[in-house]
There are 2 protein chains.
Amino acid sequence: MAATIRDVAQASGVHVSTVSRTFSAPHLVNPETRNRVLAIAEDLGYRPNRAARALTTGRTHNLGLIVADIANPFFPPLIKAAQAHARLRDYHVFVADTDEDPQVEEELIQTLTKQVDGVLLCSPRLSNRAIEKLSEDVPFVVVNRRLRGMSTVLMDVGHGARLAIEHLTALGHRRIALLAGPAGSWTSREMSDAARAADGIELTVIGPNSPTEHGGIAAAEAVLAADVTAVLAYNDLMAIGLVEGLDERGVEVPGRISVVGVDDIVPGRLTRPKLTTVAMPTEAAGRTAVDLLLQLVGAGETATPALATLATHLIIRDSTGPVPS
Amino acid sequence: MAATIRDVAQASGVHVSTVSRTFSAPHLVNPETRNRVLAIAEDLGYRPNRAARALTTGRTHNLGLIVADIANPFFPPLIKAAQAHARLRDYHVFVADTDEDPQVEEELIQTLTKQVDGVLLCSPRLSNRAIEKLSEDVPFVVVNRRLRGMSTVLMDVGHGARLAIEHLTALGHRRIALLAGPAGSWTSREMSDAARAADGIELTVIGPNSPTEHGGIAAAEAVLAADVTAVLAYNDLMAIGLVEGLDERGVEVPGRISVVGVDDIVPGRLTRPKLTTVAMPTEAAGRTAVDLLLQLVGAGETATPALATLATHLIIRDSTGPVPS
DNA sequence: ATGTTTCGTGCAACCGGTTGCAGAACTTCC
DNA sequence: GGAAGTTCTGCAACCGGTTGCACGAAACAT
């Protein structure tokens, strides 16, 4: 069995409380005693049991990170960044995948609640109402969804959409289609609001669509029917699918139609043509979300929700070009 | 504050032990009492505290999953599958990223040890020695590395490599290069063993290389110098990079050189030409690893290490073709 | 020399559960 | 009708830590 605090106490001839303090409040114990205890602890391979500690302190030093789909290339960089950032602050993170199912999401949060100090909710599928309810039990930070009264990390996709459209209009495009995402998506709404507000273009909104490669392929027909020269897609996966669908129909990108995606996921850099896209600050979002969450955790009841909006930028590659004459 | 077992006990006029048993050994309590307790628990929103339970039972119902790099597209499907499979068995999983650093890996395992019932180690960078040492403290299942005396999940990449080479020879290729992976990699050794054993081909081994897109780009020069007509790359990322590097030099794939990757990651399906590749059963590996681990956890000291070898298969797409005449 | 702080440590209760043991109430059997 | 089981519940110790409180010793002030 692994050494406990009592083993260390016995071996060093002090009371358990002294050993405890050696680790959790070193300044309260005599340097001499402390060193002796530390040496013996080291010797016995003692490591404090975080779960036991959590029982009295109420701090588990764990975070929960809930995403809709781990395998969606958008998330791994965020997970990685969040996890690394948390680790620096001595936090471990549970990662859970809801498979896009709100029901699963809710259950997950409930069973996780007791084991974590806070939960990071990325692109939640749950209703605002449900989230607010659950947030009574555990601090939340929500990524990619606006929720008043709650700490939030947003990526300014509206701005990104404007940049994309400016880029397209500079290339001479006037008739532009927006391939919308899933119905309830905040991101999708932001994008279409931005696109609708753009001057001097004729916008066709196609969708809602499934935010997958398949959704993009399926939309190719509708894009052709819309008779546009450029398309802004909800995300890169759809954009890639669309390029594929257009290719199957002998339509060249960017020769006949220009395509812009959103997210800047890895595959987009590898396809041909390489995808022009709105880069999302996913790593920064992961780090920021952890920071906000720990801030919330530290503040306890007096917590003030914070809102962080992260900038996006346009990466121009090869899937956009001048409007065909 | 969240309701505890004592709140429920008080509210239902029974002793805490009865409440405890209602949840952890229902058959020991009178159905009538049980229902009353359950109703009141429901009412109070009571949920057992897993950490507290772990203290006495020694079972945390948590697993640790350690990978070298979450953002490497190879891992997310495995993580997703493992996590989903664990959840069905009422286990949560900590996911941690070592950033390819053995030091970090070791620390991570140590701090995680007390909080989990077992650890899944995917493509570990740690020495066998270190892993064996650490395995005294917590059950391990190792994925993608052969380690005697320890439960292991392997993907039969040797077989995959043979399939790939058969495919290439059937197309007429004789001079083939193997783009090796990192030096210590078990997978890389398996592949080169298989390739060396193949009959009737002239093999050039290039490497070790960094297992990234960049490594592939960098290897393009060496591939051309080797004067081969086909290349088997350590993984898809490298294969994609190689195709890119060759393209920059005006070399057509598969027109002049055929390229086969390994892993079947998502981007490979999206590039052009679409990548011929050896598909790895990553989801199955994740599930199998969880099964083996839980089996180990259940068995306690009497655990018998098991070995699972998962089949790979070849997916023929567009990056391979007949040898140029 | 005495009174007041400061410092270091021990004591014991507590966090939220689990579990071996014991005993009460109720059955079953002869 | 009493002995022997069953079934259900309570008691209390325990898991591995933390922490408020008390107390003795040393350091300081007067």
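Just so it is clear: chains get the letters A, B, ... in the order the sequence lines come, proteins before strands, and each one is counted from 1. What you are looking at is a predicted structure, and each value in this text was computed from that prediction instead of being measured.
A donor-acceptor contact closer than 3.5 angstrom links the side chains of A/Gln115 and B/Asn62. Side-chain atoms of A/Arg148 and A/Asn128 include no donor-acceptor pair closer than 3.5 Å.
Contact check, B/His15 against D/dT9: no side-chain N or O comes under 4.0 Å of OP1 or OP2. Residue A/Thr18 places at least one side-chain N or O closer than 4.0 Å to OP1 or OP2 of C/dG10.
Separation of atoms CG (A/Leu65) and CZ (B/Phe94) is listed at 12.5 Å; rounding is to 0.5 Å.
Base engagement by B/Ser20 is indicated by at least one non-hydrogen atom pair under 4.0 Å involving a base atom. B/Arg50 comes within 4.0 angstrom of no nucleic acid atom, judged by non-hydrogen atoms across all strands. Among the heavy atoms of the strands lying under 4.0 Å from B/Thr57 are primed sugar atoms or P, OP1, OP2 only; no base atom is included. Counting any heavy atom pair closer than 4.0 Å across all strands shown, B/Val19 reaches no nucleic acid atom.
Near-neighbour residues of DNA chain C inside residues 22-47 of chain B, defined by a heavy atom below 4.0 Å, number-ordered: B/Ser24, B/Tyr46, B/Arg47. Across residues 106-116 of chain A, not one residue has a non-hydrogen atom less than 4.0 Å from an atom of DNA chain C.
With sequence neighbours left out, B/Asp117 forms a salt bridge (Lys or Arg N to Asp or Glu O under 4.0 Å) with no residue at all. Every side chain to side chain contact (heavy atoms under 4.5 Å, CB included) that A/Arg6 has, sequence neighbours left out, goes to A/Thr4, A/Val16. With sequence neighbours left out, the side chain to side chain contact (heavy atoms under 4.5 Å, CB included) criterion links A/Asn30 to A/Glu32, A/Thr33.
Dense packing is recorded around CZ of B/Arg36, with more than 12 heavy atoms of other residues, nucleotides or ligands lying under 6.0 Å away. Shown here is B/Gln10, whose CD atom has no more than 12 heavy atoms of other residues, nucleotides or ligands within 6.0 Å.
A straight line from CZ of A/Arg59 to C1' of D/dG17 spans 16 Å, rounded to a whole angstrom. What separates CZ of A/Arg6 from P of D/dC15 is a distance of 7 Å, to the nearest Å. Separating the NE2 atom of B/His61 from the P atom of D/dC15 is a distance of 20 Å, rounded to the nearest angstrom. In this structure, CG of A/Leu55 is placed 12 Å from P of C/dT18, rounded to the nearest angstrom.
No donor-acceptor contact under 3.5 Å links the side chain of A/Arg53 to the base of D/dG16. The base of D/dG17 does not come close enough to the side chain of A/Arg21 for any donor and acceptor atom to sit less than 3.5 Å apart.
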Can you check side-chain contact (heavy atoms from CB on, under 4.5 Å) on A/Val104 and A/Asp99, steps first, answer last?
CA-CA 8 Å; A/Val104 173; A/Asp99 243 337; 5.7 Å; no
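Between A/Arg145 and the options A/Val153, A/Leu154, A/Ile131, A/Thr187, a side chain to side chain contact (heavy atoms under 4.5 Å, CB included) holds for only A/Ile131. Residue B/His61 forms a side chain to side chain contact (heavy atoms under 4.5 Å, CB included) with just one option from B/Arg89, B/Arg50, B/His92, and that option is B/Arg50.
For the helix from C/dA1-D/dT30 to C/dC30-D/dG1, the rotation axes defined at the first and last 5 base pairs enclose an angle of 40°, given to the nearest 10°.
Of the listed nucleotides (C/dG16, D/dG17, D/dT19), C/dG16 has the atom at the smallest distance from the side chain of B/Ala52.
Residues A/Asp101 and A/Arg125 fail the side-chain proximity criterion, which asks for heavy atoms closer than 4.5 Å.
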